[in-house]
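Note sheet for the following structure.
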2 protein chains.
Amino acid sequence: MTEYNDPAVRYYQEVFDQCIHYLSIDGVIFGFHQNQLKVLLLRWKGTDAWSLPGGFIRKAESVDVAAQRIMQERTGLDALYLQQFHVFGEAVRYDQEATWRKINLPVDGAKWSERTISLGYYALVEHSKVIPTPDFLTEVCAWWSLDDVPALLFDHNHIIAVALLSLRKDFNDQPLNHLLPDTFTIPELQRLHETILGLSLDGRNFYKKVMASGQLERLSERRAGTPHKAPFLYRFKPSEPTNRLPTLEAKTA
Amino acid sequence: MTEYNDPAVRYYQEVFDQCIHYLSIDGVIFGFHQNQLKVLLLRWKGTDAWSLPGGFIRKAESVDVAAQRIMQERTGLDALYLQQFHVFGEAVRYDQEATWRKINLPVDGAKWSERTISLGYYALVEHSKVIPTPDFLTEVCAWWSLDDVPALLFDHNHIIAVALLSLRKDFNDQPLNHLLPDTFTIPELQRLHETILGLSLDGRNFYKKVMASGQLERLSERRAGTPHKAPFLYRFKPSEPTNRLPTLEAKTA
DNA sequence: TGCCTTTGCGTACTTTTGACGTAAAGATAC
DNA sequence: GTATCTTTACGTCAAAAGTACGCAAAGGCA
């Protein structure tokens with residue numbers, strides 16, 4: 001019925017067949033411990049080379065589900081707060097040859113030498129609940145303070161940088177409670193804000209602001225064992241979902 | 001040297017081989033005309049079904065370059081302002097069978113029946129400069145007012161909705177000048193803000209705010225042919241790039 | 001000419017933000 | 001025990017940003 005130009009269709013199909021890609025996920029798992037923002041890194045077997053946790057997306061697997069799966073395996077947590085933040089799809093993302101030399105895998109190099117497109121996800125997790133677990137290509141999984149992160153494999157330093165910028169950008173509507181334990185003090189919350197934003201805040205103004213937000217409730221206890229005046233403990237009020245976007249539904253004709 | 005468990009490696013490689021995907025780009029091309037926000041849509045040959053412009057990412061092609069290529073072909077513009085905004089990678093994104101029926105392509109259904117992952121990009125373009133051009137599967141390329149968009153093929157209504165929310169979210173650091181002609185009036189700029197944000201603003205306060213921003217310069221002419229008092233024409237001051245993010249480079253050990 | 005709408009600019013009030021003062025709590029030094 | 005020092009938990013005050021609304025001039029139309 002429709003007059004498609006057959007050669008054009010065939011041509012298109014050929015092009016189409018060339019349009020398949022390896023798709024992976026790279027995860028920047030943020031935690032907060034001892035007043036420092038940290039990320040979870042993996043050391044590859046028999047090397048001193050580190051990378052972000054990651055993995056491949058299976059056929060017919062939802063990308064969000066794949067991200068959950070991969071991050072769950074590294075953290076032992078079962079429902080992470082994840083946020084897709086960028087697609088890393090440059091034609092040349094890093095020096096592949098140099099990278100393969102570093103991780104010297106006993107697999108067919110050709111297979112691994114194709115360009116891979118990566119979906120960047122960041123996760124906000126409660127540091128103390130994580131059980132860092134390497135995967136079968138790596139032997140150590142550990143927290144690194146953001147300031148100390150070494151030169152990583154692939155383009156992973158870049159990915160961390162972009163993740164941090166993204167986190168900073170949607171800082172205001174991000175549920176930071178995922179990064180904190182159940183109870184915490186206001187100064188601790190302030191350090192968290194400061195490290196993410198990369199600036200230092202006036203404690204007195206911070207206190208005012210955070211109290212005015214009405215999201216916190218004070219417990220009767222104070223944090224013991226501090227060198228100075230013992231600060232009160234707080235907790236996020238239940239309810240209160242932090243992330244709500246206006247609904248906007250498509251018109252169905 | 002490294003002791004990899006060989007069966008595990010083989011297994012991994014097998015899994016890996018199953019982790020290839022069709023990757024496409026869907027573009028929400030925003031334009032602004034007659035005080036309305038519009039998107040560019042395509043009508044498929046021999047049907048009355050519309051979709052967003054899109055295309056596939058070629059092997060070894062940078063995804064940003066692919067997006068540029070695809071949008072350029074539909075608009076005739078050569079350097080579009082593009083923004084990656086979301087990855088649509090659910091396992092089931094829409095009713096595939098119903099969709100194929102609607103567009104009845106004369107190609108091997110099996111090939112097209114695999115799940116495709118889409119990268120959503122939005123573009124901000126100057127409506128009057130666009131030459132809407134269909135691709136070889138479609139016969140009409142036209143602007144649709146956002147309010148009138150019909151039920152589209154695939155999950156494209158959803159994609160538009162997410163695009164609009166994203167645009168709204170990073171509204172403040174988005175160079176809206178791409179949506180406007182060289183010269184425009186303050187009320188026109190106000191309508192643009194209002195349509196994107198989905199609310200109505202007080203003209204007097206809007207005027208003050210936009211003047212205080214110092215980004216505009218007034219020309220001596222006024223817009224002729226208005227039914228009422230002729231408004232002045234303005235233009236964005238040169239220089240002044242709107243999008244600047246703090247640089248944050250990886251530490252190289 | 002009178003009436004209506006829109007533009008261009010102004011005034012006044014409220015809310016938010018930011019700078020900074022200070023007393024109480026807890027630890028340490030003498 | 002007392003002086004000192006740091007940190008917490010408030011409070012004050014002024015500048016800045018945001019919001020409500022007044023109004024005259026410009027232009028079209030009856």
Side-chain angles (χ1 to χ4, degrees), chain A residues 32 34-36 168-169 171-173 176 180-181 183-237 242, chain B residues 32-36 168-174 176 180-181 183-237 242 246:
Chain A
F32 187 67
Q34 293 179 330
N35 286 337
Q36 289 194 298
R168 211 175 268 177
K169 204 172 83 129
F171 180 70
N172 283 314
D173 17 59
L176 295 187
L180 291 165
T183 65
F184 50 89
T185 68
I186 301 290
E188 280 161 12
L189 181 60
Q190 185 183 339
R191 303 293 164 262
L192 176 56
H193 280 240
E194 288 175 336
T195 22
I196 292 179
L197 294 174
L199 42 84
S200 74
L201 305 170
D202 180 290
R204 299 160 292 188
N205 289 334
F206 182 81
Y207 177 85
K208 235 191 325 181
K209 189 171 185 171
V210 86
M211 292 320 279
S213 85
Q215 293 184 66
L216 300 183
E217 66 184 2
R218 178 151 88 183
L219 309 185
S220 43
E221 311 114 84
R222 293 160 179 266
R223 162 84 72 230
T226 49
H228 300 291
K229 176 169 176 180
F232 279 106
L233 286 172
Y234 288 78
R235 130 172 84 211
F236 278 98
K237 281 184 192 163
T242 332
Chain B
F32 187 67
H33 187 55
Q34 293 177 330
N35 286 337
Q36 289 194 298
R168 211 173 268 176
K169 201 169 87 124
D170 26 60
F171 181 71
N172 283 314
D173 16 58
Q174 219 60 355
L176 294 188
L180 291 165
T183 64
F184 50 88
T185 67
I186 301 291
E188 280 160 14
L189 181 59
Q190 185 184 338
R191 302 295 162 261
L192 176 56
H193 281 240
E194 288 175 336
T195 22
I196 292 179
L197 294 176
L199 41 85
S200 74
L201 305 169
D202 180 290
R204 298 157 294 187
N205 291 332
F206 182 80
Y207 176 85
K208 236 190 325 180
K209 188 170 185 172
V210 87
M211 294 318 279
S213 85
Q215 293 184 65
L216 300 183
E217 67 186 358
R218 177 151 88 182
L219 308 185
S220 45
E221 311 114 84
R222 292 159 180 267
R223 162 87 70 227
T226 49
H228 300 292
K229 177 171 178 180
F232 280 105
L233 285 172
Y234 288 79
R235 131 172 82 211
F236 278 98
K237 282 184 191 163
T242 334

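Predicted, not measured: the structure shown is a model, and the values here were computed from it. Residue numbers start from 1 in every chain, and the chains themselves are labelled A, B, ... in the order their sequence lines are given, proteins ahead of strands.
Residue A:Tyr207 has a polar side-chain atom (N or O) positioned under 4.0 Å from OP1 or OP2 of D:dC10.
Between the C1' atom of D:dA9 and the CZ atom of A:Phe206 lies a distance of 14 Å, rounded to the nearest Å. Whole-Å rounding puts the B:Arg222 CZ to C:dG8 P distance at 6 Å. The separation between A:Leu219 atom CG and D:dT8 atom C1' is 16 Å, rounded to whole Å. We find that CZ of B:Phe232 is positioned 14 Å from C1' of D:dG27, with the value rounded to whole Å. One interatomic measurement links the two molecules: CG of A:Leu216 to P of D:dC10, which rounds to 13 Å at whole-angstrom precision. The CD atom of A:Gln190 sits 13 Å away from the P atom of C:dG18 (whole-angstrom rounding).
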Restricting both atoms to N or O, compile the protein contacts to nucleotides 2-7 of chain D shorter than 3.5 Å, with distance only.
unit_1 : atom_1 : unit_2   : atom_2 : d
D:dT6  : O2     : A:His228 : ND1    : 3.2

Please write out the pairs of protein N or O atoms and N or O atoms of nucleotides 18-20 of chain D separated by less than 3.5 Å, giving the distance to one decimal.
unit_1 : atom_1 : unit_2   : atom_2 : d
D:dT19 : O4     : B:Lys208 : NZ     : 2.6
D:dA20 : N7     : B:Asn205 : OD1    : 3.4
D:dA20 : N7     : B:Asn205 : ND2    : 3.1
D:dA20 : N6     : B:Asn205 : OD1    : 3.3
D:dA20 : N6     : B:Lys208 : NZ     : 3.4

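Counting non-hydrogen atoms under 4.0 angstrom, A:Thr185 reaches nothing in the nucleic acid. Across all strands, B:Arg223 comes closer than 4.0 Å to no nucleic acid atom at all (heavy-atom distances).
In this structure A:His193 satisfies the side-chain contact (heavy atoms from CB on, under 4.5 Å) test together with A:Phe171, A:Leu176, A:Leu189, A:Leu201, A:Phe206, sequence neighbours excluded. By the salt bridge (Lys or Arg N to Asp or Glu O under 4.0 Å) test, B:Arg218 is found to be paired with no residue, residues two or more places apart in sequence or in another chain being considered. Qualifying side-chain hydrogen bond (donor to acceptor under 3.5 Å, both in side chains) partners for B:Arg222, counting only residues two or more places apart in sequence or in other chains: none. Checked against ring pair (Phe, Tyr, Trp, His ring centres under 6.0 Å), A:Tyr207 has no partners two or more places apart in sequence or in another chain.
Taken from CE in A:Met211 to OH in A:Tyr234, the straight-line distance is 4.0 Å, to the nearest 0.5 Å. To the nearest 0.5 Å, atoms NZ (B:Lys209) and CZ (B:Arg204) are separated by 15.5 Å. Note that CG of B:Leu216 and NZ of B:Lys237 are 8.0 Å apart. Values are rounded to the nearest 0.5 Å.
For B:Arg204 and C:dG10, a side-chain-to-base donor-acceptor distance below 3.5 Å is absent, hydrogens and geometry of angles not being considered.
Classification of B:Glu194 and B:Arg191 as a salt-bridged pair holds, one side-chain N sitting under 4.0 Å from a carboxylate O.
Position along DNA chain D of the nearest nucleotide to A:Pro231 versus B:Ala230 favours A:Pro231 as the more 5'-ward residue. The residue among A:Gly225 and B:Gly203 whose nearest nucleotide of DNA chain C is located toward the 5' end is B:Gly203.
At least one donor-acceptor pair closer than 3.5 Å links the side chain of A:Arg168 to the backbone N or O of A:Ile196.
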